[in-house]
Amino acid sequence: MPNIELNEQEQIRRNSREELKKLGINPYPADEYRENASIQGILAEFSPDRKNFQDVSIAGRIMSRRIMGSASFVELQDATGRIQLYVRREDISTDENATLYNTVFKKLLDIGDIIGVKGFVFTTQMGEVTVHVKEFTLLSKSLKPLPIVKEKDGKVYDAFTDPEMRYRQRYVDLVVNPQVRDVFVKRTHLVNSMREFLNQRGYLEVETPVLQPLYGGAAARPFKTHHNTLDQTLYLRIANELYLKRLIVGGYDGVYEFSKDFRNEGMDRFHNPEFTQVELYVAYRDYAWMMNLVEEMIEKVALDLHGTTQVKVGDRIIDFKRPWKRYTMYEAIREYTRIDISNMDEARLIETANKLGVPVDPTMGKGKIIDQIFGEKCEPNLVQPTFIMDYPIEMSPLAKKHRSKEGLVERFEAICNGKELCNAFSELNDPIDQRERFEQQLILGKRGDEEAMVLDEDFLRALEYGMPPTAGLGIGIDRLSMIMTNQGSIQDVLFFPQMRPEKKAVTDEPATYTALGIQEAWIPVLQKMGFLQVSMLKELNPNKLHQDLCGFNKKNKMELKNPSQEEVKEWITKIG
RNA sequence: CGGCUCGUAGCUCAGCUGGUAGAGCACGUGACUCUUAAUCAUGGGGUCGUGGGUUCGAUCCCCACCGAGCCGACCA
């Protein structure tokens with residue numbers, strides 16, 4: 001009996017699975033399948049003169065089939081690439097009916113199935129390197145049809161592009177879009193490259209809590225959860241800064257962590273609720289020193305990934321070659337607005353903002369206004385990597401006051417392609433100053449700023465024991481990956497970006513149907529016809545419903561026993 | 001949160017000043033031993049996102065909702 005929940009193609013594949021079992025072929029064998037070559041390796045190294053790869057064993061997914069009677073061509077895809085297979089009836093089938101070729105290969109295998117093949121490599125008349133198959137093994141039967149993407153002369157036809165499906169079913173995206181797999185490989189290389197850089201300098205990679213009784217280290221709204229045994233509220237970390245600095249207090253002179261952080265805020269092309277950041281803290285260093293490290297590290301990343309410091313992003317080339325441009329925030333504003341705001345008081349700043357068309361509101365302090373002007377007028381213009389130094393103190397409660405400039409802190413960001421690439425400062429290690437800064441944040445919090453930091457007594461206690469002068473750094477890995485892989489959206493550098501859940505239509509329990517005297521076998525039929533809840537049958541014409549049911553039964557070859565007209569009538573009266 | 005756009009077959013898309021739908025690929029059947037977006041013949045496949053409204057009649061017009069994308073707001 002057909003399963004009407006399935007579409008035709010899914011049904012056919014399930015039938016094939018049964019047929020295979022009848023032929024004694026396990027569609028999901030347990031045995032290992034030992035490969036002795038990769039597709040990429042074959043394509044790169046095969047040479048007809050050398051007569052290499054004459055006994056290869058490879059495994060992968062069938063991506064296309066061209067069947068011509070007793071000979072066929074198949075494209076097989078493994079993790080490294082795609083290669084053509086040549087399959088001949090006489091090579092793989094010995095019995096009279098040639099079952100293995102005529103039935104198993106031609107009828108019961110599909111695009112999407114995973115198989116292993118043994119054979120020898122040769123070049124076809126068309127000049128394509130191909131594996132001549134002597135033996136194949138089904139390794140996994142695929143029950144859902146893949147999107148079919150075709151290609152000729154580098155031109156892609158029917159590309160699988162629907163973003164919703166690509167993100168929700170990333171596995172499908174990865175199967176049919178090899179460039180997507182590359183992006184994620186690059187992302188991993190990027191992280192490896194940074195880790196290598198940091199390890200080489202002797203910094204210690206550490207792990208700190210994700211579940212925190214107090215969240216801190218950034219201005220953001222947290223996710224809240226609850227621990228049963230402790231009966232206590234815990235927060236998912238928004239940053240790991242405060243824990244890493246405790247480790248500097250403890251005596252390590254360089255610690256870093258690649259951490260998943262969580263911020264309960266908006267989602268868009270640049271924001272996902274969970275994201276990855278690397279934070280680094282180095283004792284006895286300052287922000288000027290850290291600037292050099294950032295340049296060096298990011299330049300290395302670009303070189304490791306691309307072999308050059310120049311990276312194509314959209315329609316521009318970004319060059320990470322050292323040294324990068326450096327501006328103080330005031331200089332940057334002067335550069336892009338021709339106005340020197342370094343000595344302005346709050347009233348004149350508001351006036352300037354108004355003149356520049358930068359929206360400000362009365363709750364903003366001096367620092368916030370300056371930051372706003374910078375964000376509006378400068379940041380979008382900074383395409384090539386540029387350091388911006390010396391931020392207003394109000395925005396930076398964990399940064400040390402500037403050694404010589406009043407009202408500023410020793411902080412820098414690197415801006416690239418109009419976006420922040422990193423954030424760093426000379427860490428505040430004066431516990432009394434730090435307490436005052438936290439208290440300022442508490443006031444903001446009381447005024448309703450949901451992102452204001454909370455006061456962390458234990459962190460202050462740690463500082464009171466003494467933290468060496470320390471340089472700290474945070475780099476958003478997702479944002480950097482976007483740039484380094486030329487992707488326009490954060491969702492393209494996260495395997496599984498956050499999505500609203502897929503909603504399934506609400507259906508009544510089978511018991512609700514059977515209570516009316518409806519036989520179980522008819523429930524899927526009724527639901528398929530759109531009667532997801534019994535209440536939807538109400539006030540229906542019983543004769544019409546009866547006819548529809550019998551018709552459905554016949555059309556879909558359900559071979560169910562039709563209910564009588566009276567029975568159907570009874571169902572409907574029972575609802576009423 | 002606001003503006004715009006989109007949601008039709010397994011996939012990519014067309015369609016209609018409103019008369020319950022078409023193509024290509026995929027799939028089924030048949031032909032074909034070096035093909036390559038294989039080809040040829042033939043066939044099946046759709047509650048046109050969901051729910052209301054207008055209408056004799058809605059996939060199309062209107063409203064609401066759900067989901068997605070882009071832009072903006074907020075936010076780093």
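In what follows, every chain begins at residue 1, and chains take the letters A, B, ... in the order their sequences are listed. Since the structure is predicted, the reported quantities are computational estimates derived from the model, not experimental observations.
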Check your understanding: Taking the C1' atom of each, how far is B:rG45 from B:rC32, in whole Å?
Key -> 26 Å

Point to revise | Short side-chain N/O contact from A:Arg66 to OP1 or OP2 of B:rU39, under 4.0 Å | key: no

Check your understanding: Can you find a donor-acceptor pair, distance only, under 3.5 Å between A:Glu75 side chain and B:rU36 base?
Key -> no

Check your understanding: Checking all strands, does A:Ala218 fall into the base, sugar-phosphate, or nothing category for heavy-atom contacts under 4.0 angstrom?
Key -> nothing

Exercise for review: Mind checking A:Asp162 for me? I need base, sugar-phosphate or nothing, with any heavy atom below 4.0 Å counting as a touch.
Suggested key: sugar-phosphate

Check your understanding: With a non-hydrogen cut-off below 4.0 angstrom, is A:Arg89 in contact with a base, only sugar-phosphate, or nothing?
Key -> nothing

Check your understanding: Counting any heavy atom closer than 4.0 Å, what does A:Ile67 reach on the DNA or RNA strands: base, sugar-phosphate only, or nothing?
Key -> base

Exercise for review: Determine the contact category for A:Gln125: base if any of its heavy atoms lies under 4.0 Å from a base atom, sugar-phosphate if only primed atoms, P, OP1 or OP2 are that close, otherwise nothing.
Suggested key: base

Review point. Do A:Ser426 and A:Glu410 have side-chain N/O donor and acceptor atoms under 3.5 Å apart?
Key: yes

Check your understanding: Parallel, tilted or perpendicular: which fits the ring planes of A:Phe120 and A:Phe122, with parallel below 30° and perpendicular above 60°?
Key -> tilted

Check your understanding: How far does the C1' atom of B:rC16 sit from the matching atom of B:rG57, given to the nearest Å?
Key -> 14 Å

Practice item. Write down the distance separating the P atoms in B:rC60 and B:rU17, rounded off to the nearest Å. Key: 13 Å

**Study point:** Check ion pair A:Arg237-A:Glu257 (N to O, under 4.0 angstrom)
**Key:** yes

Practice item. Identify whether any heavy atom of A:Glu10 sits under 4.0 Å from a base atom; if not, whether one sits that close to sugar-phosphate; answer base, sugar-phosphate or nothing. Key: nothing

Review point. What is the distance from CG of A:Asn423 to C1' of B:rA76, rounded to the nearest Å?
Key: 9 Å

Exercise for review: Compare side-chain N and O positions of A:Lys150 against OP1 and OP2 of B:rC11 and report whether any pair is under 4.0 Å apart.
Suggested key: no

Review point. Which part of the nucleic acid does A:Arg269 contact within heavy-atom distance under 4.0 Å: base, sugar-phosphate only, or nothing?
Key: sugar-phosphate

Practice item. For side-chain hydrogen bond (donor to acceptor under 3.5 Å, both in side chains), just list the numbers for A:Ser259 and A:Asp261, CA-CA rounded to whole Å, side-chain angles, deciding distance to a tenth of an Å, and then say yes or no. Key: CA-CA 6 Å; A:Ser259 65; A:Asp261 291 343; 3.2 Å; yes

Practice item. Would you mind classifying the nucleic acid contact of A:Glu265 as base, sugar-phosphate or nothing, using non-hydrogen atoms under 4.0 angstrom? Key: sugar-phosphate

Check your understanding: Taking the C1' atom of each, how far is B:rU55 from B:rU59, in whole Å?
Key -> 15 Å

Review point. Taking the same atom, P, in B:rU20 and in B:rA64, what whole-Å distance lies between them?
Key: 29 Å

Exercise for review: With side-chain hydrogen bond (donor to acceptor under 3.5 Å, both in side chains) as the test, would you mind laying out the steps for A:Ser489 and A:Gln491 before giving the verdict?
Suggested key: CA-CA 5 Å; A:Ser489 165; A:Gln491 297 165 110; 3.1 Å; yes

Review point. Contact class for A:Arg168 (heavy atom, under 4.0 Å): base, sugar-phosphate, or nothing?
Key: sugar-phosphate

Practice item. Look at the side-chain N and O atoms of A:Lys107 and state whether any lies under 4.0 Å from the OP1 or OP2 oxygen of B:rG30. Key: yes

Point to revise | B:rG10 phosphate, OP1 or OP2, under 4.0 Å from A:Arg13 side-chain N/O | key: no

Practice item. Using a 4.0 Å heavy-atom cut-off across all strands, classify A:Glu413 as base, sugar-phosphate, or nothing. Key: base

Check your understanding: Expressed in whole Å, how much space separates the C1' atoms belonging to B:rC27 and B:rG67?
Key -> 28 Å

Check your understanding: Knowing that exactly one of A:Tyr235, A:Phe223, A:Tyr243 qualifies, which makes a ring pair (Phe, Tyr, Trp, His ring centres under 6.0 Å) with A:Tyr215?
Key -> A:Tyr235

Review point. Looking across every strand, which nucleic acid part, if any, lies under 4.0 Å from A:Arg88 by heavy atom: base, sugar-phosphate, or nothing?
Key: base

Review point. Counting only side-chain N and O atoms of A:Gln11, is one of them less than 4.0 Å from OP1 or OP2 of B:rC27?
Key: no

Practice item. Return the value, rounded to whole Å, for the distance between atom CG of A:Asn15 and atom P of B:rC27. Key: 15 Å

Review point. Can we say A:Lys368 and A:Asp371 salt-bridge, meaning some charged N sits less than 4.0 Å from an Asp/Glu carboxylate O?
Key: no

Check your understanding: Which one is paired to B:rA14, where only Watson-Crick or G-U wobble pairs with both distances under 3.5 angstrom count?
Key -> none

Check your understanding: Touch check for A:Phe270, heavy atoms < 4.0 angstrom, all strands: base, sugar-phosphate only, or nothing?
Key -> nothing

Exercise for review: Identify which nucleotide among B:rU12, B:rA76, B:rC34 has an atom closest to any side-chain atom of A:Met165, counting heavy atoms from C-beta outward.
Suggested key: B:rU12

Point to revise | Whole-Å C1' distance, B:rA58 and B:rG51 | key: 14 Å

Review point. Using atom P of each nucleotide, how far apart are B:rU54 and B:rG43 to the nearest Å?
Key: 43 Å

Review point. Which part of the nucleic acid, if any, lies within reach of A:Phe275 when heavy atoms closer than 4.0 Å are counted: base, sugar-phosphate only, or nothing?
Key: nothing

